[in-house]
Amino acid sequence: MTLADKAIAWYDDNARDLPWREPGTSAWAVLVSEVMLQQTPVVRVEPAWRGWLTRWPTPAALAQDPPSEAIRMWGRLGYPRRALRLHACATTIVERHGGAVPDDLDRLLALPGIGTYTARAVATFAFGQRHPVVDTNVRRVVSRAVQGLADAGAATTAADLAAMADLLPVEEARAARASIAFMEIGAVVCTARSPKCAVCPLATDCAWRLSGAPAPSGPTRKVQRYAGTDRQVRGLLLEVLRHATGPVPRQRLDMVWTDEVQRARALAGLVDDGLVEPHGDQFVLAGDAPPAGEVQSL
DNA sequence: GACACGTGGTC
DNA sequence: TGACCAAGTGT
């Protein structure tokens with residue numbers, strides 16, 4: 001049995017019941033799940049995903065609403081630029097692909113907010129194609145089981161994809177199944193902090209285990225601080241704008257953070273990113289109605 | 001390749 | 001209790 005065979009056999013019996021894995025899930029729903037799952041735990045994505053798909057079952061439905069509604073619906077999932085990009089995705093899919101999520105890698109990759117991982121994930125999980133799909137879970141599993149290293153080093157896309165390609169079964173459907181299986185093992189068994197080697201289907205082949213499960217060697221990847229950063233300020237500003245029913249005066253935004261320089265920088269960043277629109281001294285989420293009386297430019 | 005980019009849970 | 005971690009992308 002190959003590593004992929006063992007992973008698939010394990011997955012057949014142990015896969016979590018995640019809603020986007022149910023047969024018949026649309027490519028759009030899969031795409032939305034993949035974007036939401038970027039850097040975000042499954043438990044927080046599930047309810048958000050259901051709400052999103054209930055409101056916007058198709059790209060066309062989302063494209064009919066302004067970006068501001070997408071940003072509101074995103075709630076506190078984090079990285080709200082993803083909501084904006086998902087909206088742009090929907091618009092592009094309607095305008096350039098007749099409302100249907102494209103099924104080939106290049107066209108997926110061209111969509112806003114869809115990078116190497118997500119394009120491959122959609123092509124594989126929504127359309128059943130055979131592609132290496134490499135996320136942080138897969139990188140960790142391959143790093144341990146194949147390379148014998150405690151942790152994956154910095155991402156090196158080409159090499160990571162090649163390493164995964166070597167493990168992929170030839171047959172298309174099995175290849176797709178192997179990809180999700182390796183991801184699942186990384187997510188629930190071969191975890192970052194305390195891998196459950198006792199129940200791992202790859203344990204008997206795992207190069208890392210076979211060499212005595214050595215501790216990680218190199219420098220530890222640095223974790224980005226959050227408290228006190230622009231990101232925190234952006235989050236506070238956006239939180240106010242999400243709940244606003246109309247334009248928000250600058251004075252209202254001034255209350256969320258005392259450091260004026262940082263506050264201004266964070267707000268300017270949100271405007272730069274297209275999440276927020278300034279109307280004189282008032283602000284709205286992108287696409288929301290401007291202050292009454294203002295002449296809208298075309 | 002390094003950084004910026006949210007948020008909340010865990011140990 | 002603060003560091004670490006969670007299906008990345010864009011610059």
Side-chain angles (χ1 to χ4, degrees), chain A residues 11 15-16 18-21 29-49 71 74-86 88-89 108-126 131-142 151-161 164 176 179-188 190-195 216 219-239 241-242 256 262 265-266 268-270 272-276:
Chain A
Y11 185 79
R16 289 170 294 178
L18 302 177
W20 46 84
R21 288 178 178 171
V30 170
L31 187 155
V32 170
S33 78
E34 292 299 343
V35 171
M36 287 185 169
L37 285 163
Q38 292 169 4
Q39 302 285 284
T40 309
V42 165
V43 288
R44 300 217 335 259
V45 167
E46 271 210 51
W49 181 84
I71 297 167
W74 197 255
R76 301 186 63 80
L77 264 192
Y79 292 143
R81 288 190 296 195
R82 290 183 292 167
L84 196 59
R85 298 220 171 101
L86 214 34
C89 232
L108 284 166
L109 213 39
L111 296 173
I114 307 298
T116 304
Y117 163 76
T118 305
R120 289 165 174 278
V122 172
T124 300
F125 305 142
H131 301 286
V133 180
V134 177
D135 70 338
T136 189
N137 292 308
V138 170
R139 290 192 344 102
R140 188 172 50 246
V141 172
V142 172
D151 288 299
T156 51
T157 306
D160 293 339
L161 288 174
M164 186 57 210
S179 289
I180 192 66
F182 279 113
M183 282 179 60
E184 188 78 346
I185 290 170
V188 306
C190 192
T191 56
R193 286 196 225 182
S194 48
T220 59
R221 180 172 53 114
K222 62 176 171 186
V223 173
Q224 299 188 35
R225 187 180 67 255
Y226 178 65
T229 63
D230 287 6
R231 270 192 299 168
Q232 182 182 15
V233 184
R234 287 167 58 110
L236 293 168
L237 292 169
L238 218 49
E239 176 69 358
L241 289 160
R242 265 202 303 270
V256 308
Q262 189 175 23
R265 188 172 62 227
L270 290 172
D272 270 353
D273 287 350
L275 286 161
V276 172

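Naming: A, B, ... by sequence-line order, numbering from 1 per chain. Every value quoted in this text rests on a predicted model; they were computed, and no experiment measured them.
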Problem - Nearest non-hydrogen partners of Met183(A) and Phe125(A), listed with the distance - result: SD-CZ, 3.7 Å
Practice task
For Ala121(A), answer base if it contacts any base atom (sugar-phosphate contacts may also be present), sugar-phosphate if it contacts only those atoms, and nothing otherwise; contact means non-hydrogen atoms under 4.0 Å.
Solution key: nothing
Exercise for the section: With P as the reference atom in both, quote the distance from dT11(C) to dA7(C) in angstrom, rounded to an integer. Expected result: 24 Å
Problem - Separation of atom CZ in Arg140(A) from atom C1' in dA6(C), rounded to whole Å - result: 9 Å
Fill in the blank from the handout: Rounded to whole Å, CE of Met36(A) lies from P of dT9(C) at a distance of 16 Å
Exercise for the section: Name the nucleic acid region contacted by Arg16(A), choosing base, sugar-phosphate or nothing; use a 4.0 angstrom heavy-atom cut-off, strictly under. Expected result: base
Fill in the blank from the handout: Note: for Val43(A) and Thr157(A) on DNA chain B, the residue whose nearest nucleotide lies more 5' is Thr157(A)
Handout entry: Between dC5(C) (P) and Arg193(A) (CZ): distance, integer Å
Key = 6 Å
Completion exercise
note: Arg120(A), atom CZ; dG8(C), atom C1'; distance rounded to Å ~ 14 Å
Exercise for the section: Between dG6(B) and dC4(C), how far apart are the C1' atoms? Round to whole Å, please. Expected result: 16 Å
Exercise for the section: Apply the side-chain contact (heavy atoms from CB on, under 4.5 Å) test between Val138(A) and each candidate in Val141(A), Val142(A), Thr136(A); give the one that qualifies. Expected result: Val142(A)
Problem - Result of checking Arg139(A), Arg140(A), Arg120(A) against Asp160(A) for salt bridge (charged side-chain N to carboxylate O under 4.0 Å, His left out) - result: Arg139(A)
Completion exercise
Taking for Leu109(A) and for Trp20(A) the nucleotide of DNA chain C with the nearest heavy atom, the one nearer the 5' end belongs to Trp20(A)
Practice task
Figure out the CG/P separation between Leu108(A) and dG8(C), and round it to whole Å.
Solution key: 17 Å
Problem - Closest to side chain of Thr116(A), choosing from dA7(C), dC5(C), dT9(C) - result: dT9(C)
Practice task
Could you tell me the separation between the CG atom of Leu161(A) and the P atom of dG8(C), rounded to a whole number of Å?
Solution key: 14 Å
Exercise for the section: Rounded to the nearest angstrom, tell me the gap between atom CG in Asn137(A) and atom P in dA7(C). Expected result: 4 Å
Problem - Ionic contact status for Glu46(A) with Arg16(A), cut-off 4.0 Å - result: no
Completion exercise
Reading nucleotides 2-8 of chain B from 5' to 3' and marking B where a protein heavy atom lies under 4.0 Å of the base, S where only the sugar-phosphate is that close, and - otherwise, the string is -SBBBBS
Problem - Thr118(A) side chain near dT9(C) phosphate (N/O to OP1/OP2, under 4.0 Å) - result: yes
Handout entry: Asp135(A) side-chain N/O to Asn137(A) backbone N/O, donor-acceptor pair under 3.5 Å
Key = yes
Handout entry: Side chain Arg242(A), main chain Ile71(A), donor-acceptor under 3.5 Å
Key = no
Completion exercise
In whole angstroms, the gap separating C1' of dC4(C) from CG of Asp151(A) amounts to 12 Å
If you look only at distance, which donor and acceptor atoms sit under 3.5 Å apart when one is on a side chain in residues 108-119 of chain A and the other is two or more places apart or in another chain?
residue   : atom : partner  : partner atom : Å
Tyr117(A) : OH   : Glu34(A) : OE1          : 2.6
Thr118(A) : OG1  : Gln38(A) : NE2          : 2.9

